[in-house]
Undergrad: 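To start, I am sharing the structure in question, which I have written as C-alpha cells.
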Amino acid sequence: MPELPEVETIRAALDPLLRGRLVTAARAHPSAKFSAAPGAIGHRVEGVRRRGKYLLVDLEPAAGTDAGAGRRELVVHLGMTGQLGPDLARDDPHTRAWWELDDGGHLTYRDVRRFGRIAVVPHGDHRSLPTLAALGPEPFGPDFTPEGLWRALARSRARVKTQLLGQRVVAGVGNIYADEALWRAGIHPGARRVGPSRAERLHAAVRHVLAAGLANGGTTLRDYRTVTGEPGRHQDALACYGRAGRPCPRCGALLRRAVVDGRGTTWCPTCQRT
DNA sequence: GGCTGGCCCTGTACGC
DNA sequence: TGCGTACAGGGCCAGC
C-alpha cells in the first residue's frame, strides 16, 4: 500500500525518466477511475511532483500539436496496489493505462485491485479530487509543526489514528506508518484527546517513521515495487505494524491487533496510552 | 458540518 | 480438488 515514502521513491525515479518527454499516445481502461489518462497526449512533461500520496505530473502543451490550451496536471493515486513503471507490460490483464513517449519508451500503470485513480486536470485545479484539494501540510515541510498538529487534532473528537489517515492533519500517512508513528509516540490509536506534549512526540514520530521508510526505499508487504521493479526494504524495520502477538520492542508486552474505524490496527497495550 | 460505516475491487488464505 | 467465505485498505459518499 503505497504511502508517502513509497510514492516519493517512485517520484524520484520517474522524474528524470519523464522530464522533457512528449506524450505521443495513450490508452486507458474504460473505468472512470482511469479513463482520463489520454488527456496527457500532446503535452510535454515539465516534471514530476508529489503531494501526500498523489503523484502530480506537470504538463505543458507541446508546440505544433492540437492539445488543448493551458498547462495541465496528470494526477495519479496508486491506491492499494498501483504500480508505475517503464518496464511493466502493456498487455498485462491488470494494466489500467499506458502512455507512449517521444523517445520510444512508455510509462505503464498497473493496478490489480483498482483502488487507484488517474485524472488530468487544469494545472492546480484539484476541485475534482476533494482529498487532494483539502490535503494537510507536507510532513517534512515548514507548515507541519508540533503546535499546528496539536491544534489540528484538537479541532476534532475523532480517534487520533482516524485523523492521521484522513490526510487533513498531515499528508501522506497511511495505515502502516500511522501504526508505527503512534507506537513510537506512545499514543493509543483510539485516543481522542492528544495534548501539546503528546502532539509534539507524535510530530517527531511521524517525521521519524516516514524518513526511515524513505531511506529504506519504502515498505513492501505484497505489491509495492519501485520503478525498476525492486521491493522496498523497510518491512524488516517495522516495530509494530503487522507484528500482533509478538513482543513490543520497547517493553516486551505482546502487541495487540483490532479493527479501529475499519482499519486493521496493531498497538502495544502497555506503552501506548489513550 | 463532523463523524461513522459501507462500498468499491480482486488475489490470497483458510475451512469444509 | 473445488467451492465458499473472510480479509486486506485509501478514498469517497450516504446517513445520522
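Letters A, B, ... mirror the listed sequences (proteins, then strands); counts begin at 1. Both backbone and side-chain heavy atoms feed into the values below; hydrogens, waters and symmetry mates do not.
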Undergrad: What is the distance from CZ of A:Arg155 to P of B:dC3, rounded to the nearest Å?
TA: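 Distance check: A:Arg155 CZ to B:dC3 P gives 11 Å.
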Undergrad: Let me know which of A:His43, A:His123, A:Arg71 forms a side chain to side chain donor-acceptor pair (under 3.5 Å) with A:Asp58.
TA: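 For A:Asp58, the side chain to side chain donor-acceptor pair (under 3.5 Å) test succeeds with only one of A:His43, A:His123, A:Arg71, which is A:His123.
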Undergrad: Can you measure A:Arg263 atom CZ to C:dC7 atom P for me and round it to whole angstrom units?
TA: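 That distance rounds to 14 Å.
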Undergrad: Just how far, in rounded Å, is P of C:dG11 from CG of A:Leu164?
TA: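 My rounded result for the distance is 13 Å.
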Undergrad: To the nearest Å, give me how far apart CD1 (A:Ile118) and P (C:dG10) are.
TA: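 Rounded to the whole Å, the gap is 19 Å.
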Undergrad: Among the nucleotides C:dG11, B:dT10, B:dG5, which one has an atom lying closest to any side-chain atom of A:His77?
TA: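 My answer, after comparing the listed nucleotides, is C:dG11.
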Undergrad: Within the structure shown, what part of the strands sits under 4.0 Å from A:Asp111 by heavy-atom distance: base, sugar-phosphate, or nothing?
TA: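 Contact class for A:Asp111: none.
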Undergrad: Within the 4.0 Å heavy-atom criterion, would you say A:Gly264 contacts the bases, only the backbone, or no part of the nucleic acid?
TA: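 Sugar-phosphate: the residue A:Gly264, judged by heavy atoms under 4.0 Å, touches backbone atoms but no base.
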Undergrad: For the side chain of A:Arg96 and the backbone of A:Val112, is there at least one donor-acceptor N/O pair under 3.5 Å apart?
TA: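 At least one qualifying donor-acceptor pair exists.
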Undergrad: How many whole angstroms separate atom CZ of A:Arg192 from atom C1' of B:dC3?
TA: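 Taking atom C1' of B:dC3 as the reference, CZ of A:Arg192 is at 9 Å.
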Undergrad: Kindly determine whether A:Asp102 and A:Arg44 satisfy side-chain contact (heavy atoms from CB on, under 4.5 Å), including the steps that lead there.
TA: CA-CA 9 Å; A:Asp102 63 343; A:Arg44 196 173 291 281; 3.6 Å; yes
Undergrad: Which one, C:dG11, C:dA8, B:dT4, comes nearest to the side chain of A:Ala158?
TA: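 The answer is B:dT4, which lies nearest to the side chain.
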Undergrad: Where the side chain of A:Tyr241 is concerned, which of B:dT10, C:dA8, C:dG11 is the nearest nucleotide?
TA: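 Looking only at side-chain atoms, A:Tyr241 lies closest to C:dA8.
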Undergrad: Is the backbone N or O of A:Pro5 less than 3.5 Å from a side-chain atom of A:Thr9, with the two atoms forming a donor-acceptor pair by type?
TA: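 Confirmed, A:Thr9 side chain pairs with A:Pro5 backbone.
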Undergrad: Grab the two heavy atoms, one from A:Pro61 and one from A:Gly70, that are nearest each other, plus how far apart they are.
TA: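 Result for this residue pair: CG-O, 3.2 Å.
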Undergrad: Over how many whole Å does the gap from A:Arg113 atom CZ to B:dT10 atom P extend?
TA: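 It is 11 Å, rounded to the nearest whole Å.
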Undergrad: Atom CG of A:Leu4 and atom C1' of C:dG11: how far apart are they, to the nearest Å?
TA: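 Going from A:Leu4 (CG) to C:dG11 (C1'), I get 17 Å.
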Undergrad: State which of C:dG10, B:dT4, B:dC9 makes the closest approach to the side chain of A:Arg114.
TA: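 Selected nucleotide: B:dC9.
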Undergrad: Quantified as the angle between the terminal helix axes (five pairs each), what is the overall bend of the helix from B:dG2-C:dC16 to B:dC16-C:dG2 to 10 degrees?
TA: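 Inter-axis angle at the ends, rounded: 50°.
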Undergrad: Flag the pair A:Asp92 and A:Arg110 as a salt bridge only when some basic side-chain nitrogen lies within less than 4.0 angstrom of an acidic carboxylate oxygen.
TA: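 Salt bridge between A:Asp92 and A:Arg110, a charged N being under 4.0 Å from a carboxylate O: yes.
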Undergrad: Measure the acute angle between the ring planes of A:Phe34 and A:Tyr109, then classify it against the limits of 30° and 60° as parallel, tilted or perpendicular.
TA: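 If you compare the ring of A:Phe34 with that of A:Tyr109, the planes turn out tilted.
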Undergrad: Using heavy atoms to find the nearest nucleotide of DNA chain B for A:Arg157 and A:Ser31 separately, return the residue whose nucleotide is more 5′.
TA: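 Residue closer to the 5' terminus by nearest nucleotide: A:Arg157.
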Undergrad: Can you figure out which of B:dT10, B:dT4, C:dA8 approaches the side chain of A:His94 most closely?
TA: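 The nucleotide sitting nearest to the side chain is B:dT10.
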Undergrad: If I take atom OH in residue A:Tyr54 and atom C1' in nucleotide C:dG11, what distance separates them, rounded to the nearest angstrom?
TA: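 Taking atom C1' of C:dG11 as the reference, OH of A:Tyr54 is at 6 Å.
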Undergrad: Please determine if a side-chain N or O atom of A:Lys53 lies less than 4.0 Å away from the OP1 or OP2 oxygen of C:dG11.
TA: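 Yes, because at least one side-chain N or O of A:Lys53 sits under 4.0 Å from OP1 or OP2 of C:dG11.
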